[in-house]
Amino acid sequence: MKFNTALESIKTYEAGKPIELVVREYGIDKDQIVKLASNENPFGCSPKVKDAVRAIIDNMALYPDDSMVKLKSALSNKYGIQSNELIIGAGSDQVIEFAIHAKAHSGSKVLMNSVTFAMYEIYAKQVGAQIIRTASREHKMDEFYALYQEHKPSIIFLCTPNNPTGDGLLASELVSFIEKIDNDTLVIVDGAYMEYARFKDPSYAVEPGDLVKRFNNVLFLGTFSKAYGLGGMRVGYGIACAPIIEALYKVRPPFNITTLSLEAASVALEDELFVQECIADNFSQMERYKEFAHAKGITVIESYTNFVTLLLPEEKNSSKIAQELLKKGMIVRDLSSYGLNAIRVTIGTRVQNDRFFELTDSLV
Ligand SMILES: *Cc1c(COP(=O)(O)O)cnc(C)c1O
């Protein structure tokens, strides 16, 4: 069968290996497996969220509230925005899909960092858009600006802090860049890890409310999958001026968020203390990774997220090391497909991190 030819250049997204797969492939006991591969919160979500979801478990027969009033008003309050400046997606992934389908088409250009979140390229290629990438591993605004002038892309992706490298962009630098971009170019600021950046250093924190008030060409993305510990519930959001949101709504399928997910995300916002405690623990555990790497002569990229990216010396092959770890039940992310001889490790609980150091010690 022939398919849309645009699909030919797309490589299927490689999600972090699920625990179930490692159980089957390596015959390791489920309890022995540690997954530090998808940047989930190792403490999960607030206990209040679990109670709230249990309390509505009998509501599964009816379609969800498609106006998403409860979650939208909680997010509007949090960010000081109007609810017509907000769209909810099944993960912020789905909002990326909406944005690309709404703005780009065959022949459009989409500009992004050399190393960044893989889904931008996949969605852009689905519509036949051309990918333009910067040269440096870090977001360099002068490189972005030069390519913007040369190519006049329809969409520019800025991922800060960036996945899979963990580094961040100063909010002031980001804003000065957007000021120079014309109104017809959609600038997507992916803030999947913004809660971590805000905690670590507020000068790296972008405030979506300020962005929408200032710019009519910016879409900010947030998610409940990382700091809020709700990866399994699939809830993310986009914040932009009303005309952008209106366009995104035209490509949104109805009932894209389940009743349980809407409730979980709404209640998660009521327990910010839980999230802040998890983030504090994240950065204190991250120090141990820095010490480990330092002792081993491995470079760690300064991280504003819940993961660390370890750049390995040439003689230590990242794919092999990730594979060796997998055999022992430790799932991390090999970054060789991103052109880096590096592994990305999600910061786990103290016990999970101990296990990582123990298993990795003899390999690097
Ligand atoms: C995890 C992640 C997302 C989206 O996650 P969802 O689970 O779809 O909300 C988006 N962007 C980046 C950079 C991420 O790391």
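Both ligands and their constituent atoms are indexed starting at 1 by order of listing. Numbers for residues simply follow the sequence, beginning at 1. The figures here come from the full heavy-atom set of this structure, side chains too, leaving out hydrogens, waters and symmetry mates.
K180 and Y145 are not linked by any side-chain donor-acceptor pair at a separation below 3.5 angstrom, with hydrogens and angles left out of the test. In this model, a donor atom of one side chain and an acceptor atom of the other lie less than 3.5 Å apart for N353 and Y289.
F283 has its ring centre less than 6.0 Å from the ring centre of F199.
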Exercise for review: With ring pair (Phe, Tyr, Trp, His ring centres under 6.0 Å) as the test, would you mind laying out the steps for F117 and Y120 before giving the verdict?
Suggested key: CA-CA 6 Å; F117 191 50; Y120 310 151; 5.6 Å; yes
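Contacts with ligand 1 closer than 4.0 Å are made by side-chain heavy atoms of Y193 only, the backbone lying farther away.
Of all the atoms in ligand 1, the ones that sit under 4.0 Å from a non-hydrogen atom of N163 are 13 (C), 14 (C), 15 (O). Interface atoms of ligand 1 facing C159, defined by a heavy-atom separation under 4.0 Å, are 13 (C). Residue contact check: K226 has heavy atoms under 4.0 Å from atoms 1 (C), 2 (C), 3 (C), 5 (O), 14 (C), 15 (O) of ligand 1. Close contacts of ligand 1 with S225, meaning ligand atoms under 4.0 Å from a residue heavy atom, involve 6 (P), 7 (O), 9 (O).
One hydrophobic cluster, built from ILVMFWY side chains closer than 4.5 Å, cannot hold both Y304 and M141; they sit in different ones.
When only non-hydrogen protein atoms are considered, atom 11 (N) of ligand 1 lies nearest to D190 OD2, 2.6 Å. For atom 4 (C) of ligand 1, the nearest non-hydrogen atom of the protein is S92 OG, 3.1 Å.
Considering backbone and side-chain N/O atoms, D93 comes within less than 3.5 Å of an N/O atom of ligand 1.
Under the 4.0 angstrom criterion for non-hydrogen atoms, G91 is in contact with ligand 1.
For atom 8 (O) of ligand 1, the candidate residues are M233, E40, E97, R234; the nearest heavy-atom contact is made by R234.
If you take NE2 on H105 and OG on S154, they are separated by 6.0 Å, rounding to the nearest 0.5 Å.
Judged by distance alone, with hydrogens and angles left aside, the side-chain atoms of N341 form a donor-acceptor pair with the main-chain N or O of P313 at under 3.5 Å.
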